[in-house]
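Accompanying notes for the structure given below.
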Amino acid sequence: MRPALFVFALLLPLVLLVGCRQQEEWHQLEGVALGTGYHITLNGDLAAGEHALIEAAIQGELASLDSQIQAFEVLSEATWLPFFAELPAGVTGEILREHLQALSVDRLFRVLDDFGIANAMVELGGVQRARGTYGRHPWRVRLPRSGLGDGSEPVLRLQDAALVTRAAPRPAGIEAATAPRILAVSAVASSAEAADRLARSLLDAAPDGTLEHSVRLVVLTLHGLESHIGSALEPLLER
């Protein structure tokens, strides 16, 4: 073998390894915004300085969203408005903030769209949305604690979807369960806003009428807490 070909044969695996590492480069962005923490993991073949551009674009979007949330919170204090006057004290602002946090996650994905990011996970205030894959596998997240005490919450494969968990408002006093009642809903949908809407719509529903959805319910029964898994969620779980 010629010396030049011998050297090329030795260097070729190293060249391929460097190329693979560049294609599988992962980037982390995290901080505090909208009254909570956020964490973004993304994979992309970014040009020099593009990481800083993405970070600046995300921070600018979060600053704009924070201003909108503050405006909504001021509006929510206007108890003379019929809608807000009918809600319990303290609930209005919390619901608005949680809903706007879900919308914010979807807005951040629009920023990532502008940079052509195909694989990413955004988490903000407990709202999680994933796009693409983590390497060769779907993104894996653990469902929130159900309060059942076993500490073994199932792992969810999340791909091109969002996970949102919403809890029912706590009653003012101790209330005995005379019929099964949903305490919390973890919902999966194509966007964070859709998952938030689905979770909230099921909080007041009858548990037996919700199990065709992609949800996990925490239900208070006469015998204590139970976890109910919707049929559409089952295929996404790792047991």
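Side-chain N or O atoms of Ser201 include one that pairs as donor or acceptor with a backbone N or O of Leu198 at under 3.5 Å. Listed for the Ser64 side chain is no donor-acceptor partner under 3.5 Å among the backbone atoms of Gly60. A donor-acceptor pair under 3.5 Å is absent between the side-chain atoms of Asp106 and the main chain of Ser191, judged by distance alone. Under the 3.5 Å distance criterion, the side-chain polar atoms of Asn119 are matched with a main-chain donor or acceptor of Thr133. Of the possible donor and acceptor atoms, none in the side chain of Asp160 sits under 3.5 Å from a partner among the backbone N and O of Arg131.
Here CD of Glu193 is found 11.5 Å from OG of Ser104. Values are rounded to the nearest 0.5 Å. The distance from atom OG1 of Thr165 to atom CD of Gln128, rounded to the nearest 0.5 Å, is 8.0 Å. Atom NE2 in His51 sits 6.0 Å away from atom NE2 in His27 (nearest 0.5 Å). The line from CD of Glu123 to CG of Leu108 is 11.5 Å long, rounded to the nearest 0.5 Å. Atom CD of residue Glu30 and atom OG1 of residue Thr41 lie 8.5 Å apart, to the nearest 0.5 angstrom. Between atom CG of residue Leu163 and atom CG of residue Leu236 there is a gap of 10.5 Å, rounded to the nearest 0.5 Å.
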Original post:
Please walk me through it: do Met121 and Tyr134 pass side-chain contact (heavy atoms from CB on, under 4.5 Å)?
Top reply: CA-CA 9 Å; Met121 165 74 80; Tyr134 185 80; over 6 Å; no
**OP:** For the pair Leu103 and Asp196, evaluate side-chain contact (heavy atoms from CB on, under 4.5 Å) and give the outcome as yes or no after the intermediate values.
**Re:** CA-CA 9 Å; Leu103 292 176; Asp196 177 77; over 6 Å; no
**OP:** Given salt bridge (charged side-chain N to carboxylate O under 4.0 Å, His left out), test Arg216 with Glu153 step by step and report yes or no.
**Re:** CA-CA 11 Å; Arg216 192 278 304 272; Glu153 304 301 341; 3.2 Å; yes
**OP:** Check the pair Leu42 / Val122 against side-chain contact (heavy atoms from CB on, under 4.5 Å), numbers first and verdict last.
**Re:** CA-CA 8 Å; Leu42 56 90; Val122 175; over 6 Å; no
Original post:
For Asp114 and Arg110, what are the C-alpha separation, side-chain angles and deciding distance, and is it a salt bridge (charged side-chain N to carboxylate O under 4.0 Å, His left out)?
Top reply: CA-CA 7 Å; Asp114 293 338; Arg110 295 180 190 176; over 6 Å; no
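Under a hydrophobic-cluster definition in which Ile, Leu, Val, Met, Phe, Trp and Tyr are linked whenever side-chain heavy atoms come within less than 4.5 Å, directly or via other members, Leu53 and Ile40 are assigned to the same cluster.
In this structure the side chain of Leu225 reaches within 4.5 angstrom of the side chain of Leu220, judged on heavy atoms.
Val188 approaches Ala195 most closely through the heavy-atom pair C-CB, 4.5 Å. Across all their heavy atoms, Ala167 and Leu203 have their closest contact at O-CD1, 3.8 Å. Annotation for Leu62 and Leu34: closest pair O-CD2, 3.6 Å, computed over non-hydrogen atoms. When all heavy atoms are compared, the tightest approach of Arg166 to Ala102 is NH2-CB, 4.3 Å. The two residues Ala192 and Arg129 come nearest to each other via the heavy atoms N-CD, 4.3 Å. Nearest heavy atoms, His228 versus Pro207: ND1-CB, 4.4 Å.
Below 30°, between 30° and 60°, or above 60°: for Trp139 and Trp26 the angle between ring planes is above 60°, a perpendicular geometry.
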